[in-house]
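The structure appears right after this line, and notes come after that.
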Amino acid sequence: MLKMENVSFSYENNRNVQNLTDINLNIKKGEVILLCGESGCGKTTLARFLNGLIPNFFDGKREGNVYLGSDLISEMPIYEISKHIGSVFQNPKTQFFNVDTTSELVFGCENLSMSVDEIEKRLDSVVNDFNIINLIDKNIFKLSGGEKQKIACASVSAVGPDVLVLDEPSSNLDSKSSWDMEHIIKKWKMQGKTVIIAEHKLFFLNEVVDRAIFVKDGRITKKWSIDEFRNINHRDFGLRQLNLDNLELKRKEYYSDNQEFLELKNFKFNYGKTQVLDIDNVKIPKNEIIAIIGKNGAGKSTFANCICGLKKSCKGELIFDGKALKRKDRLKKSYMVMQDVNHQLFTESVLDEVLLSMDEEDVELAEGILENLNLIHLKDAHPMALSGGEKQRVAIASAIASKKEILIFDEPTSGLDLKNMMKVSENLRYLQSLGITSFIITHDFELICEACSHIMHFDDGKIIDNYKIDENKLKDFFLRC
């Protein structure tokens, strides 16, 4: 079905770095393949060969061949490749062509000149398969990150390609949506489709993957059957947990003794006539690392935008140190790492990006922060040339350097491997030692176990639970995330 022969590659703008070296891989029709390994190991580059983005969209020094059946992918026009191979990118917004969700779902089918009846049939099918009836006829730009991801997956599935290449498909999905993704992959598998998944979160793939391919420094160094993969120690290879039953709380010893609180009163926000945030009164412990959980679209990101002062029409009060903070005051006291960090990267180098967030530039401090986040070797690189996970860590480094009293992180570990997730956890604990209150919007169970000590559970714009994590509620918040 797919075959890579002696493939090596380095990108045009970085020819001194070999991104892939001597890749040989055979993928049979109907196989589900996991590409795993640390951030920056070459998974995304390998996937770009398989879906034809290299060489059609990414230039560089290329050796070897990639075949779809007997055809060289490098010699196929991209419109021909798209009939056979569908792709879901790490950032779903990069593949949208329409403003509304329904038009996006049928866009590929229309481009292939399918009949109206066939398009309607496929639309109904993916709406049911992906459980997205609530997302039909919506403005794409008003969806949450996880909802956008579901629309991207469904629109690719609607075309009906034989091969699907997924790059971090669960990065912004809640627990239920991740299990929905498992269901979809199983369905594709039953239909005889070939699925290649580059992914860090593994828990939803335990029952669907046939083989795992481990990539390290641009080389394939391990190949496991799924039975072999289940029996390795995943942490020995820097991989996330395959079975969430093995997770344990690590933060009990880090609880703060501070009894001070932030207080929200009549905290509300509307999009037009639709109320999306409705908090009457809640007290939130200061100097804690607070996990904000809930399904996609529950109001978590809207809450983050409001609490740091980015939404002008947000009503209500945030009481901090006995004072009601106005929106401008909240802007001065808080810093947010957005879900899509591309919106907050402005400078020509990673080091300059961190220095930009400081009131007074301190190169030594900035380099120390980059060292702690495994970024020091990239300090002179352009932020927009980095991988998704590397960009995420640059934004986190800037937040740390800002020295604000309230930090909000919206999915800070999406696209991060185990090692870098642990680094983020360490830095969150460091921030807590400085007296900083951190809000973490996350679906990442492993991050919650490693770093967080308090839970705020959102549903339909309301806080429905607000509690200190303990062993008895461990499984409960797994189900809620």
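The analysis underlying the following values was restricted to heavy atoms, covering all of them including side chains, and did not include hydrogens, waters or symmetry mates.
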| field | Any donor-acceptor N or O pair under 3.5 Å, side chains Ser170, Glu199 | value | yes

| request: Compute whether any side-chain donor of one residue and acceptor of the other, for Asn374 and Asn420, lie under 3.5 angstrom apart. | output: yes

Keeping [X] on the side-chain end and [Y] on the backbone end, is there a donor-acceptor pair under 3.5 Å?
| X | Y | result |
| --- | --- | --- |
| Lys311 | Thr302 | no |
| Ser125 | Lys121 | no |
| Glu446 | Leu418 | no |
| Lys193 | Leu164 | no |
| Thr101 | Asp137 | yes |
| Asp417 | Gly238 | no |
| Gln95 | Ser87 | yes |
| Thr194 | Gly30 | yes |
| Arg240 | Leu416 | yes |
| Asn305 | Ser301 | yes |

Salt bridge (Lys or Arg N to Asp or Glu O under 4.0 Å) against [X], all qualifying residues, sequence neighbours excluded:
| X | value |
| --- | --- |
| Lys333 | Glu405 |
| Asp162 | none |
| Lys93 | Asp340 |
| Glu31 | Arg211 |

| note | So the side chain to side chain donor-acceptor pair (under 3.5 Å) pairs with at least one residue in residues 106-120 (sequence neighbours excluded) are Glu118-Arg122

Could you pull out the closest heavy-atom pair between [X] and [Y], with the gap in Å?
| X | Y | answer |
| --- | --- | --- |
| Glu104 | Ile140 | CB-CD1, 3.8 Å |
| Pro383 | Thr347 | CD-O, 3.6 Å |
| Asn287 | Gln432 | OD1-O, 2.6 Å |
| Glu353 | Ser398 | O-OG, 3.3 Å |
| Val208 | Val32 | O-CB, 3.4 Å |
| Phe458 | Ala298 | O-CB, 3.7 Å |

Residues two or more places apart in sequence or in another chain: which of them pass side chain to side chain contact (heavy atoms under 4.5 Å, CB included) with [X]?
| X | value |
| --- | --- |
| Glu263 | Lys265, Asn281, Lys283, Ile319 |
| Asn270 | Gln275 |
| Asn134 | none |
| Ile290 | Ile284, Glu288, Thr437, Phe439, His454, Met456 |

Between [atom1] of [X] and [atom2] of [Y], what distance do you get to the nearest 0.5 Å?
| X | Y | atom1 | atom2 | value |
| --- | --- | --- | --- | --- |
| Ile196 | Asn51 | CD1 | CG | 9.0 Å |
| Leu46 | Ile54 | CG | CD1 | 9.0 Å |
| Leu68 | Leu2 | CG | CG | 5.5 Å |
| Cys314 | Phe303 | SG | CZ | 9.5 Å |
| Ile184 | Ser157 | CD1 | OG | 6.5 Å |
| Leu356 | Ser402 | CG | OG | 11.0 Å |

Taking side chain as C-beta onward, heavy atoms only, is [X] less than 4.5 Å from [Y]?
| X | Y | value |
| --- | --- | --- |
| Pro161 | Ile85 | no |
| Ile119 | Val116 | no |
| Val337 | Gln344 | yes |
| Lys300 | His443 | yes |
| Ile33 | Leu35 | yes |
| Ser334 | Ile307 | no |

With [X] via ring pair (Phe, Tyr, Trp, His ring centres under 6.0 Å) - residues at least two apart:
| X | answer |
| --- | --- |
| Phe320 | none |
| His234 | Phe229 |
| Phe107 | Phe97 |

| Near Lys29 NZ, under 6.0 Å, is it more than 12 heavy atoms from other residues, nucleotides or ligands? | yes

| message | With a 6.0 Å cut-off (strictly less than), is the heavy-atom count around NZ of Lys268, excluding the residue itself, greater than 12? | response | yes

| message | Show, in sequence, the C-alpha distance, side-chain angles and deciding distance for Ile132 and Leu105, and conclude whether the side chain to side chain contact (heavy atoms under 4.5 Å, CB included) test is met. | response | CA-CA 11 Å; Ile132 53 173; Leu105 289 170; 4.1 Å; yes

| task | Show the numbers, then the answer: is there a side chain to side chain contact (heavy atoms under 4.5 Å, CB included) between Thr442 and Glu411? | result | CA-CA 5 Å; Thr442 186; Glu411 297 288 355; 4.2 Å; yes

| Where do Asn19 and Thr45 land on the side-chain hydrogen bond (donor to acceptor under 3.5 Å, both in side chains) test, with the steps shown first? | CA-CA 7 Å; Asn19 298 93; Thr45 302; 4.8 Å; no

| Near-ring test Phe9/Phe58, centroid separation under 6.0 angstrom | no

| request: Determine, stepwise, if the pair Lys404 / Ile436 fulfils side chain to side chain contact (heavy atoms under 4.5 Å, CB included). | output: CA-CA 7 Å; Lys404 302 292 186 181; Ile436 292 170; over 6 Å; no

| task | Show your reasoning for whether ring-ring contact (aromatic ring centres under 6.0 Å, His included) applies to Phe269 and Tyr271. | result | CA-CA 7 Å; Phe269 181 76; Tyr271 280 119; 5.0 Å; yes

| For Asp459 and Lys295, what are the C-alpha separation, side-chain angles and deciding distance, and is it a side chain to side chain contact (heavy atoms under 4.5 Å, CB included)? | CA-CA 7 Å; Asp459 188 42; Lys295 63 186 179 182; 3.2 Å; yes

